[in-house]
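Comments concern the structure below.
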Amino acid sequence: MSTVGVILAAGSGSRTGLTIPKQFLKLGGKTVLEHSVQTFHDNKGIDEIVIVTAPEYMEQVKGLVQKNSWSKVTAILTGGKERYESSLAAVGHFSHAPETIMLFHDAARPLVSKRIIDDALKAMESFDAIDVAIPAVDTIVQCDSKGTCMTAIQDRSLLWHMQTPQGFRQKTIAEAYRIALKDARFNTTDDCGTVLRYLPEVKVGIVPGSKENIKLTYADDLSLLKFLLSKRER
Ligand code: C5P
């Protein structure tokens, strides 16, 4: 049974306010995407990697694959407008191999570690779906849709921040999306949410993430990432 790292790099990164999508910004001499792919490539537990990107970045990604001699990269796929459409491109690509273990990772989380990938793969021995997450340290409040008033405060001890990778057997994530796409109200920002909602009988395991595994979202996250990277390399 093979293991695949799916690197999701098809977003436009509009929240950074920059013209280049965040996964193509430079961090310590390499793009954010290169850091993410390299950690998966270096991991002995990962057999294969596919990168999902936007059509206009296809050539650039091909160039990065060549430059870094990433022999495990077997495909560069075209993503969609929504993140789940990018995930679906990879799910469809492995439709011939339903037992494949797929770890979906945000290219925009360049400080994913070997430990996290190892633990995610280990957890896939016991679960058909897993998510890397860290416990919430702030109290999290639910507000009305305008963000003017609180509507509820959840018990913090039960709340976690989701990160990536998120892992699934191909057949599990394919089935979750098969059902989801028939639902006219379907909407999601992540793959675990799709499994949780449409395959409630599947247990989604939690794998401890790390504070370093942040997602580059706003332009000033780059300074924090640079600092964390310099600490890591020391
Ligand atoms: O937009 P967001 O911060 O949730 O993106 C998380 C990751 O998913 C990023 O690495 C981004 O490139 C990727 N993504 C994608 N296809 C989209 C939207 C986001 O591959 N349509």
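Just follow the structure's listing: the first ligand is 1, and inside any ligand the first atom is 1.
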Quick one about [Y] and [X] (side-chain donor to acceptor, distance below 3.5 Å, no hydrogens or angles considered), yes or no?
X    : Y    : value
E99  : Q170 : no
Y177 : D191 : yes
D144 : T148 : yes

- Message: S71: which residues meet the side chain to side chain donor-acceptor pair (under 3.5 Å) condition with it, sequence neighbours left out?
- Response: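 S71 satisfies side chain to side chain donor-acceptor pair (under 3.5 Å) with no residue once adjacent residues are dropped.
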- Looking at residues at least two apart in the chain, or sitting in another chain, which of them share a ring-ring contact (aromatic ring centres under 6.0 Å, His included) with Y198?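 By the ring-ring contact (aromatic ring centres under 6.0 Å, His included) rule, Y198 matches F186.
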- Please name all residues satisfying ring-ring contact (aromatic ring centres under 6.0 Å, His included) with F94, sequence neighbours left out, ordered by chain then number.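 Expected list: none.
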- Message: Tell me which residues fall inside the under-4.0 Å heavy-atom shell around ligand 1.
- Response: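 The 4.0 Å shell around ligand 1 contains L8, A9, A10, G11, R15, K22, Q23, G80, K81, E82, R83, S86, D106, A107, A108, K215.
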